[in-house]
Amino acid sequence: MLKKIPVKDLQLGMHLHKLEGSWLSHPFWRAKFVLAEPADLQKIRDCGVVDCWIDTARGLDVAAPVVTAVLATVAAVALPALPEVASASAFTTATTTAPESPPPSAAPPSPPRAAQRKSRPMADELKKAAAICQGGREVVLAMFAEARMGRAVQAERCLPLVEDISASVARNPGALVSLARLKSTDDYSFMHSVAVCALMVALSRQLGRSDDECREAGIAGLMHDIGKAVMPLAVLNKPGKLTDDEFATIKTHPERGHALLQDAGSVSAHTLDVVLHHHERIDGCGYPHRVSGDALSVYARMGAICDVYDAITSNRPYKTGWDPAESIERMSAWQGHFDPAMLAAFVRSLGIYPTGSLVRLESQKLAVVVEQNPQTLVAPLVKVFYSLRSQMPITPVLLDLSRPGCSDRIVARHERKEGSAGEFARLDDLWVDPDTLRRMRQPA
């Protein structure tokens with residue numbers, strides 16, 4: 001489908017069909033191609049042409065501009081394999097420099113050891129992940145109880161759980177990180193730690209880090225909110241908006257958690273760093289110390305993203321969680337909040353449309369994302385279940401959007417109507433089997 005748009009709305013991934021005006025007005029001898037290079041996009045914007053035509057059947061549409069911008073960032077950012085301690089300047093350079101292509105004779109680099117694992121089908125791993133989540137709930141509950149009673153937190157007791165989570169993410173990266181989002185509202189404080197652990201491991205693997213570094217990131221994720229164990233329960237479990245005084249109390253949890261673990265002396269400096277700084281922001285507007293820019297470590301930047309993503313996608317007593325794709329879109333729009341290169345890696349680890357996202361197809365049907373396709377972020381496996389033309393449910397059908405010859409594609413995430421929390425309320429039934437879903441939603 002051809003669509004006329006302003007040149008200012010062009011994004012990487014769109015198929016440029018025609019530039020308005022004489023061919024002498026623009027810098028290309030050809031005009032029909034997919035925009036893949038940032039330099040080409042900039043040339044078009046600088047040439048003085050105001051409007052252009054794109055072919056939405058052969059490239060991205062403008063339906064979700066923020067998500068398109070994320071895709072452009074993901075395509076352009078070159079993320080190096082990070083050393084034990086990496087400086088923020090490495091990421092700043094990565095956000096502005098396109099990756100260099102290796103010479104034709106160069107052999108492709110070997111994947112890191114953390115990525116060289118036998119995969120497991122999503123449905124099988126979901127069952128295993130549910131058991132890990134149940135066990136994780138008990139481990140974190142016990143850890144919080146010890147801290148609340150003033151006992152030293154014994155982090156080494158959590159190592160078997162982190163090993164299990166790391167192994168699950170290695171077998172199928174999308175299973176546990178997607179399933180942990182479905183925690184019951186009563187279990188949020190405990191299961192949030194399990195979810196952030198899994199997200200940290202998945203992000204660390206995406207960054208190409210070693211097995212030991214992935215486990216280190218997982219431990220930091222599991223421990224990041226330990227300071228909430230000593231928060232007043234009336235404030236921690238309040239089913240509504242906090243007062244200014246209550247919020248000021250909650251904002252002390254990073255420092256309280258840091259002190260707890262420092263006194264116990266059983267965790268690494270990286271874990272202590274994430275516990276203390278996971279609410280800091282790149283622009284210095286976070287808390288508790290308003291740390292910014294190069295002063296924020298790689299682990300702290302990872303923790304900030306993983307913590308926020310799980311928080312905004314989870315159901316709470318006072319708020320329904322956002323759709324996973326909506327959360328990615330919103331996080332990408334928060335200027336100054338996250339490290340752009342780290343956020344791009346996070347999107348790679350989950351997908352632009354993470355598992356469980358509600359999406360609209362070009363065929364005017366709705367579908368739920370069931371599993372990611374590692375080769376392309378915009379063509380996952382989906383389950384089609386609703387016709388927008390007839391406004392009626394249809395028999396659910398699995399559709400692999402990456403399959404050669406598939407004529408359908410995602411055009412946007414589906415925006416639910418304002419105040420319609422019950423619309424398509426049982427979406428999770430389409431990608432998780434009933435027994436697994438029941439186990440996840442059972443309160444402790």
Side-chain angles (χ1 to χ4, degrees), residues 126 129-130 132-134 136-137 139-141 144 165 169 174-203 218 221-229 231 233 235-242 247 250 253 278-279 302-332 334 337-338 343 346-347 349-351 353-358 368-369 413 416 421-432 436-444:
L126 283 172
I132 293 172
C133 285
Q134 280 193 316
R137 174 194 293 147
V139 169
V140 178
L141 194 154
F144 272 51
I165 291 172
V169 172
L176 200 150
V177 297
S178 302
L179 197 64
R181 180 176 58 82
L182 307 184
K183 61 188 75 67
S184 71
T185 55
D186 292 336
D187 281 346
Y188 175 81
S189 294
F190 310 116
M191 287 304 300
H192 174 62
S193 296
V194 175
V196 173
C197 173
L199 290 166
M200 289 282 280
V201 171
L203 176 53
L222 195 69
M223 297 285 179
H224 82 286
D225 259 352
I226 187 64
K228 287 187 176 177
M231 294 292 101
L233 291 178
V235 175
L236 188 63
N237 299 326
K238 185 177 179 179
K241 186 177 180 180
L242 300 180
F247 186 52
I250 285 293
H253 80 268
H278 64 277
H279 282 293
M302 293 168 65
I305 293 170
C306 297
D307 174 61
V308 168
Y309 176 81
D310 185 67
I312 63 180
T313 56
S314 300
N315 289 329
R316 309 292 293 277
Y318 51 88
K319 171 188 163 296
T320 300
W322 292 338
D323 177 89
E326 178 184 7
S327 299
I328 291 291
E329 183 175 325
R330 292 199 185 201
M331 289 172 69
S332 302
W334 295 342
H337 203 125
F338 307 112
L343 183 59
F346 183 74
V347 174
S349 73
L350 287 184
Y353 304 102
T355 301
S357 298
L358 177 62
V368 169
V369 176
R413 67 174 179 84
R416 303 194 196 190
E423 185 186 29
F424 309 124
R426 298 180 63 84
L427 290 180
D428 295 326
D429 294 352
L430 294 170
W431 67 276
V432 187
T436 301
L437 199 56
R438 193 178 307 114
R439 292 176 72 179
M440 285 302 301
R441 288 176 171 165
Q442 286 175 344

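Computed over heavy atoms, backbone and side chain alike; hydrogens, waters and symmetry mates excluded.
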Kindly give the heavy-atom pair with the smallest separation between Met440 and Cys133, and that separation in Å.
-> SD-CB, 3.8 Å
Looking at side-chain heavy atoms only, is the closest gap between Ile328 and Tyr309 below 4.5 Å?
-> yes
Less than 4.5 Å apart, any side-chain heavy atom of Met231 and any of Ile250?
-> yes
Ser332 side chain reached by Leu343 side chain, heavy atoms, under 4.5 Å = yes
List in chain and number order the residues that pass salt bridge (charged side-chain N to carboxylate O under 4.0 Å, His left out) with Asp310, two or more places apart in sequence or in another chain; answer none if no residue qualifies.
-> Lys183
Leu176 and Ala198 have their tightest heavy-atom pair at CD2-CB, 3.3 Å
Given side chains that start at C-beta, do those of Met331 and Ile312 come closer than 4.5 Å, heavy atoms only?
-> yes
So NZ of Lys228 and OH of Tyr188: to nearest 0.5 Å the spacing works out to 5.5 Å
Check: His224 ring centre within less than 6.0 Å of His279 ring centre = no
Roughly how far apart are Trp334 CH2 and Glu329 CD, rounded to 0.5 Å?
-> 11.5 Å
Looking only at heavy atoms, which two atoms of Ser349 and Ala202 are closest? And how far apart?
-> CB-O, 4.0 Å
Pair Asp323 + Arg413, salt bridge at N-O below 4.0 Å | no
Spacing of CZ belonging to Arg316 relative to CG belonging to Asn237, to within rounding of 0.5 Å | 9.5 Å
Nearest non-hydrogen partners of Asp225 and Ser193, listed with the distance | CB-OG, 4.4 Å
Heavy-atom donor-acceptor pair, Ser357 side chain to Pro354 backbone, under 3.5 Å | yes
Residues passing the salt bridge (charged side-chain N to carboxylate O under 4.0 Å, His left out) test with Asp307, sequence neighbours excluded, are none
Residue list, side-chain contact (heavy atoms from CB on, under 4.5 Å) with Cys197, at least two apart or on another chain | Val162, Ile165, Leu222
Shortest non-hydrogen contact from Trp322 to Arg330?
-> CZ2-NH1, 2.8 Å
Student check: side-chain heavy atoms of Ser189 and Leu236 closer than 4.5 Å = yes
Classify the ring geometry between His253 and His278 as parallel (under 30°), tilted (30 to 60°) or perpendicular (over 60°).
-> tilted
State which residues pass side-chain contact (heavy atoms from CB on, under 4.5 Å) with Asp428; sequence neighbours excluded, sorted by chain then number.
-> Arg181, Leu182, Trp431, Leu437, Arg441
Just wondering, do Leu199 and Ile305 contact through their side chains at under 4.5 Å, heavy atoms?
-> no
Kindly compute the distance separating CD1 (Ile132) from CG (Leu179), expressed to the nearest 0.5 Å.
-> 10.0 Å
Residues forming a side chain to side chain donor-acceptor pair (under 3.5 Å) with Lys238, sequence neighbours excluded = Glu246
Arg438: salt bridge (charged side-chain N to carboxylate O under 4.0 Å, His left out) partners, not counting sequence neighbours = Asp435
